[in-house]
2 protein chains.
Amino acid sequence: MASSVLGGLTPRAREIVQAARGLLDEEGPGALSMRRLGERIGMRAPSLYEHVRDKRTLEAALISVGFEEQAALFTRATDRSEEPLIAVAAAYREFARRQPHLYRLMTERPLHRELLAPGVEDAAALPVLLAMGGDLERTRALWAFAHGMVILELNHRFPPDADLDDTWRKGIEAFRTMRPA
Amino acid sequence: MASSVLGGLTPRAREIVQAARGLLDEEGPGALSMRRLGERIGMRAPSLYEHVRDKRTLEAALISVGFEEQAALFTRATDRSEEPLIAVAAAYREFARRQPHLYRLMTERPLHRELLAPGVEDAAALPVLLAMGGDLERTRALWAFAHGMVILELNHRFPPDADLDDTWRKGIEAFRTMRPA
DNA sequence: CAGTCAGCCTAACACCGTTAGGCCGTCTTG
DNA sequence: CAAGACGGCCTAACGGTGTTAGGCTGACTG
């Protein structure tokens with residue numbers, strides 16, 4: 001199963017979530033409205049509510065799928081890597097750059113964890129924790145750095161001439177040599 | 001002058017921006033609508049457009065004020081400090097915790113720099129750069145870490161039992177001992 | 001054959017940012 | 001002093017948002 005989150009839905013609900021994902025990826029969060037979404041699958045907006053509780057729940061499904069994809073990507077990146085820290089950081093950045101809209105959706109607001117598929121958040125965090133040798137403190141610090149780099153880049157907050165590859169390298173190096181807990 | 005941004009506005013426009021700030025601080029970005037804002041100063045929403053170009057511009061004014069406040073806070077914190085890096089990091093966190101809604105407004109989306117008061121963004125960044133001994137690379141890395149810590153905390157992304165004070169301390173230490181460019 | 005019910009529909013509500021156009025009082029100008 | 005301009009407010013409206021209420025239709029079930 002490509003996604004256990006999608007697998008747990010009725011076929012029509014799965015269709016809706018997949019259409020929402022398409023809309024999000026192609027046009028960003030601003031285009032993800034119930035009316036646009038209905039249009040995309042040939043249904044009026046109110047009818048979507050027969051299959052999906054509300055928009056927040058729909059977004060939570062997208063976020064759950066995002067966590068699943070992160071978990072797979074991070075695990076693949078760190079497996080068989082001699083420098084798991086560097087590998088997972090690169091994978092983190094790659095995920096955000098390839099799915100900027102989904103990454104934003106996943107991070108820009110407080111999580112409604114009660115709406116997420118159980119376990120997906122932890123599953124995405126686990127490979128990162130393992131790459132940090134199980135040190136929670138260092139993992140959180142690295143995560144903060146990585147998220148900050150990614151979201152500031154997505155928001156065009158760095159000067160255009162900034163060499164972000166270099167900033168990443170130096171930042172990661174700082175955490176690699178950080179004294180373990 | 002407490003704020004050169006506000007000083008550059010007509011009295012009525014200044015009133016509007018200040019009311020918007022109140023609304024934002026008290027009830028968050030969701031409450032910052034033109035109708036709610038008009039209500040607050042005894043005016044219908046459309047009349048606001050006599051004084052303010054549009055909502056984006058109004059938000060840009062709030063962001064400019066935020067940058068001014070950051071500049072003042074960061075400068076005060078680093079002046080006469082023997083550990084400017086630690087001082088500026090603490091000030092950064094303090095600003096975000098005291099003004100969470102404004103901090104979000106300032107960072108969560110791409111900046112419309114053409115709408116900002118000129119120079120305010122640089123003015124806020126300067127004390128941070130100075131605290132890092134003028135090293136742009138390290139400044140960006142520290143900024144990414146600090147922003148990541150702050151926004152993940154505001155979004156309740158860390159486990160409730162996480163000792164964030166400690167994560168801050170260790171992260172800052174990593175950047176303090178980072179090899180200069 | 002009758003009844004239930006899934007799955008769609010339209011109409012509507014309350015909100016959003018924003019524009020068009022009108023009214024009124026004050027201030028400037030011939 | 002009269003007249004026109006204009007600042008500063010208003011209401012009405014448009015197209016958008018998420019969401020609820022209530023109705024229709026067709027298929028499956030007792």
Side-chain angles (χ1 to χ4, degrees), chain A residues 6 8-64 101-102 104-105 108-112 114-116, chain B residues 6 8-64 101-102 104-105 108-112 114-116:
Chain A
L6 293 177
L9 301 174
T10 64
R12 209 77 173 107
R14 184 162 50 243
E15 244 182 284
I16 292 174
V17 172
Q18 283 167 334
R21 174 68 181 275
L23 210 45
L24 177 68
D25 286 349
E26 291 163 23
E27 304 187 49
L32 187 52
S33 78
M34 299 304 275
R35 284 171 178 82
R36 286 292 309 278
L37 182 53
E39 216 173 279
R40 197 175 236 251
I41 60 171
M43 186 185 291
R44 297 300 149 104
S47 304
L48 296 170
Y49 290 80
E50 301 286 326
H51 308 282
V52 162
R53 171 175 283 279
D54 54 22
K55 199 189 176 186
R56 258 177 57 225
T57 308
L58 175 63
E59 290 175 341
L62 290 173
I63 292 171
S64 293
H101 300 308
L102 179 58
R104 255 214 183 75
L105 188 67
E108 81 184 348
R109 283 175 303 176
L111 269 187
H112 295 280
E114 72 281 6
L115 301 180
L116 291 183
Chain B
L6 293 177
L9 301 173
T10 64
R12 209 75 173 109
R14 183 161 52 243
E15 245 182 281
I16 292 174
V17 172
Q18 283 168 335
R21 174 67 180 275
L23 210 45
L24 177 67
D25 285 348
E26 291 164 23
E27 304 187 49
L32 186 52
S33 77
M34 300 304 274
R35 284 172 177 83
R36 287 290 310 277
L37 183 52
E39 216 172 278
R40 197 174 235 250
I41 60 171
M43 185 185 292
R44 299 300 150 105
S47 304
L48 296 170
Y49 290 80
E50 301 286 327
H51 307 282
V52 161
R53 169 173 286 277
D54 54 22
K55 200 188 176 190
R56 259 177 56 224
T57 308
L58 175 63
E59 289 175 342
L62 290 174
I63 292 171
S64 293
H101 299 308
L102 179 57
R104 255 215 182 73
L105 188 67
E108 81 183 349
R109 284 175 303 176
L111 270 187
H112 294 281
E114 73 281 6
L115 300 179
L116 291 183

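These values consider heavy atoms only, across backbone and side chains, with no hydrogens, waters or symmetry-generated copies. Naming convention: chains lettered A, B, ... in sequence-line order (proteins, then strands); numbering from 1 in each chain.
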Below the 4.0 Å mark, does D:dG7 have OP1 or OP2 next to a side-chain nitrogen or oxygen of B:His51? no

Rounding to an integer number of Å, can you tell me how far B:Leu48 CG sits from C:dC16 C1'? 14 Å

Rounded to the nearest Å, what distance is computed from the CZ atom of residue B:Arg56 to the C1' atom of nucleotide C:dC16? 17 Å

How close or far is atom P of D:dG7 from atom CE of B:Met43, stated in whole angstroms? 15 Å

What is the separation between atom OH on B:Tyr49 and atom P on C:dT18, rounded to the nearest whole Å? 4 Å

DNA chain C: 5'-proximal contact among B:Lys55 and A:Ala45 (nearest heavy atom): A:Ala45

Charged N-O contact under 4.0 Å between A:Glu59 and A:Arg56: no

Please confirm whether the backbone N or O of A:Leu6 pairs with a side-chain atom of A:Arg14, one donor and one acceptor, at under 3.5 Å? yes

Once rounded to the nearest 0.5 Å, what's the spacing between atom CD1 of A:Ile41 and atom CG of A:Leu48? 5.5 Å

Taking the basic N atoms (NZ, or NE/NH1/NH2) and the acidic carboxylate oxygens, is any pair closer than 4.0 Å for A:Glu27 and A:Arg40? no

Near DNA chain D, which residues from residues 8-40 of chain B have a heavy atom under 4.0 Å away? B:Arg12, B:Arg35

What's the shortest heavy-atom distance between A:Ala20 and A:Leu62, and which atoms? CB-CD1, 4.1 Å

Check the distance between C:dT18's P and B:Arg44's CZ and give it to me in whole angstrom. 19 Å

Looking at B:Ser47, does any N or O in its side chain come under 4.0 Å of the phosphate oxygens OP1/OP2 on D:dC10? yes

Considering all heavy atoms of both residues, which atom of A:Ala60 and which atom of A:Leu116 are nearest to each other, and what is their separation? O-CD2, 3.6 Å

Can you check the B:Glu50 CD to C:dC24 C1' distance for me, whole Å? 14 Å

